[in-house]
S.K.: 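Submitted below is the structure of interest, expressed as structure tokens.
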Protein chains: 2
Amino acid sequence: MDVQLKRGLLDVCVLAVLKQGESYGYKIISELSPYIEICESTLYPILKRLEKSGCVTTRTAEHNGRLRKYYMITQMGKHKINEFLSDMDEFVKVHEFIRRRNV
Amino acid sequence: MDVQLKRGLLDVCVLAVLKQGESYGYKIISELSPYIEICESTLYPILKRLEKSGCVTTRTAEHNGRLRKYYMITQMGKHKINEFLSDMDEFVKVHEFIRRRNV
DNA sequence: TATAATACTATGCGTAACAAGGTATTTGGT
DNA sequence: ACCAAATACCTTGTTACGCATAGTATTATA
């Protein structure tokens, strides 16, 4: 998918994954990969951003002798998803506008 | 609509307008305004970009003693619209992915 | 024993939307 | 006659975000 079209989409994808339960960086990528490509150097800044803006909280736990950072969605994060879905109503109308003029 | 979500959308909106026939800056804004907000300082760089990439051609004509720059879509521009619509198939699937996880 | 997979992080680049500001003419209201 | 709004175009600087590239380090697998 065109890079520009992903803008603003990836944040919400990550939040949508976390809505189903806590997860961690590497796993989030693999959960999203069937739907949208997101590379590490994109994801980790997103996670940092989401934490800073209060959309997720974190806990660090040991797994197989390695530290893993788990991310959990907050109320604010859920609110962000709903905001996105509202925007999508508008987006869909614009999409239709373009399709109508393409016949 | 969120600024980031507009990324990559506005170019195609402009092209979709031009697919219906030539138009000029000010008119394009008014034709789009019921569907999506686009300000002048966004539109004119877009038009320049589209011209540079061969998606539109221009002609300048006098109208009421004032110069007006008319923009016309090219084959390349039409191709760009179709590329966008392909990307949208993917986008729609991601949208559904998010909606499903938001119940 | 090497290579893939797992797991996280930092730096720098390019693109696009927009705020703010500038220029100039015409039209409409009072 | 005068001012505001509408018409019409353009430039500069800022900000945000996706990604390429690179680095670090452990564990599993062939």
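No experiment lies behind these values; they were computed from the predicted model shown. Below, chains carry the letters A, B, ... as their sequence lines are ordered, and counting in each starts from 1.
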S.K.: Grab the OH-P distance between B:Y44 and D:dT7 for me, whole Å please.
M.R.: 12 Å
S.K.: What about A:R7: does its side chain form a donor-acceptor pair under 3.5 Å with the base of C:dA16?
M.R.: no
S.K.: With rounding to the nearest 0.5 angstrom, report the CD1 to CZ distance, B:I36 to A:F97.
M.R.: 9.5 Å
S.K.: Let's see if you can work this out: which of C:dC8, D:dC9, D:dC10 has an atom nearest to the side-chain heavy atoms of B:K48?
M.R.: D:dC10
S.K.: Which value, rounded to the nearest 0.5 Å, describes the distance between A:K80 atom NZ and A:Q75 atom CD?
M.R.: 13.5 Å
S.K.: Which pairs with one or both residues in residues 23-38 of chain A pass salt bridge (Lys or Arg N to Asp or Glu O under 4.0 Å), sequence neighbours excluded?
M.R.: none
S.K.: Between B:R49 and A:Y70, which is nearer to the 5' end of DNA chain C once each is assigned its nearest nucleotide?
M.R.: A:Y70
S.K.: Rounded to the nearest Å, what distance is computed from the CD1 atom of residue B:I36 to the P atom of nucleotide C:dA16?
M.R.: 15 Å
S.K.: Would you kindly give the CD1-to-P distance between B:I28 and D:dT7, to the nearest whole Å?
M.R.: 15 Å
S.K.: If every non-hydrogen atom of A:Y35 is compared with every non-hydrogen atom of B:V94, which pair is closest and at what distance?
M.R.: O-CG2, 3.6 Å
S.K.: For residues 83-90 of chain A, dump all side-chain donor-acceptor pairs below 3.5 Å to protein atoms at least two apart in sequence or in another chain.
M.R.:
| unit_1 | atom_1 | unit_2 | atom_2 | d |
| --- | --- | --- | --- | --- |
| A:E83 | OE2 | A:H79 | NE2 | 3.3 |
| A:S86 | OG | A:N82 | O | 3.2 |
| A:D87 | OD2 | B:D2 | N | 3.2 |

S.K.: What residue among B:Y44, B:Y70, B:Y71 forms ring pair (Phe, Tyr, Trp, His ring centres under 6.0 Å) with B:Y24?
M.R.: B:Y70
S.K.: Return a single string for nucleotides 18-26 of chain C, one symbol per nucleotide in 5' to 3' order, where B is base contact, S is sugar-phosphate-only contact and - is none, cutoff 4.0 angstrom on heavy atoms.
M.R.: BBB----BS
S.K.: Side-chain N or O of B:Y24 versus OP1/OP2 of D:dA8: is the shortest distance under 4.0 Å?
M.R.: yes
S.K.: Sorted by first residue and then second, give each salt bridge (Lys or Arg N to Asp or Glu O under 4.0 Å) pair with at least one member in residues 51-61 of chain A; sequence neighbours left out.
M.R.: A:E22-A:R59
S.K.: Which distance, rounded to the nearest 0.5 Å, do you find between the CD1 of A:I38 and the CG of A:L10?
M.R.: 4.5 Å
S.K.: Please give, in whole Å, the distance from C:dT6 C1' to A:L43 CG?
M.R.: 14 Å
S.K.: Taking atom C1' of D:dT27 as reference, at what distance in whole Å does atom CZ of A:R68 sit?
M.R.: 12 Å
S.K.: Do you know the tightest heavy-atom contact between A:V56 and A:L47?
M.R.: CG2-O, 4.2 Å
S.K.: Nearest 0.5 Å please: distance from the CD atom of A:E40 over to the OH atom of A:Y26.
M.R.: 6.5 Å
S.K.: A:L5 has an atom CG; how far is it from atom P of C:dA17, in whole Å?
M.R.: 10 Å
S.K.: For the CE atom of A:M72 and the OG1 atom of A:T58, what is their distance to the nearest 0.5 Å?
M.R.: 6.0 Å
S.K.: What nucleotide, of C:dT6, D:dC17, D:dC9, holds the atom closest to the side chain of B:Q4?
M.R.: D:dC17
S.K.: Check DNA chain D against residues 72-85 of chain B and give the residues with a non-hydrogen atom under 4.0 Å, in numerical order.
M.R.: none
S.K.: Just to be sure I understand the geometry, which residues of residues 11-18 of chain B put a non-hydrogen atom under 4.0 Å away from DNA chain D?
M.R.: none
S.K.: Can you check the B:Y26 OH to D:dC10 P distance for me, whole Å?
M.R.: 15 Å
S.K.: For A:K27 and C:dT6, give me the distance from atom NZ to atom P, rounded to whole Å.
M.R.: 12 Å
S.K.: State the SG-CD1 distance between A:C55 and A:I81, to the nearest 0.5 angstrom.
M.R.: 9.0 Å
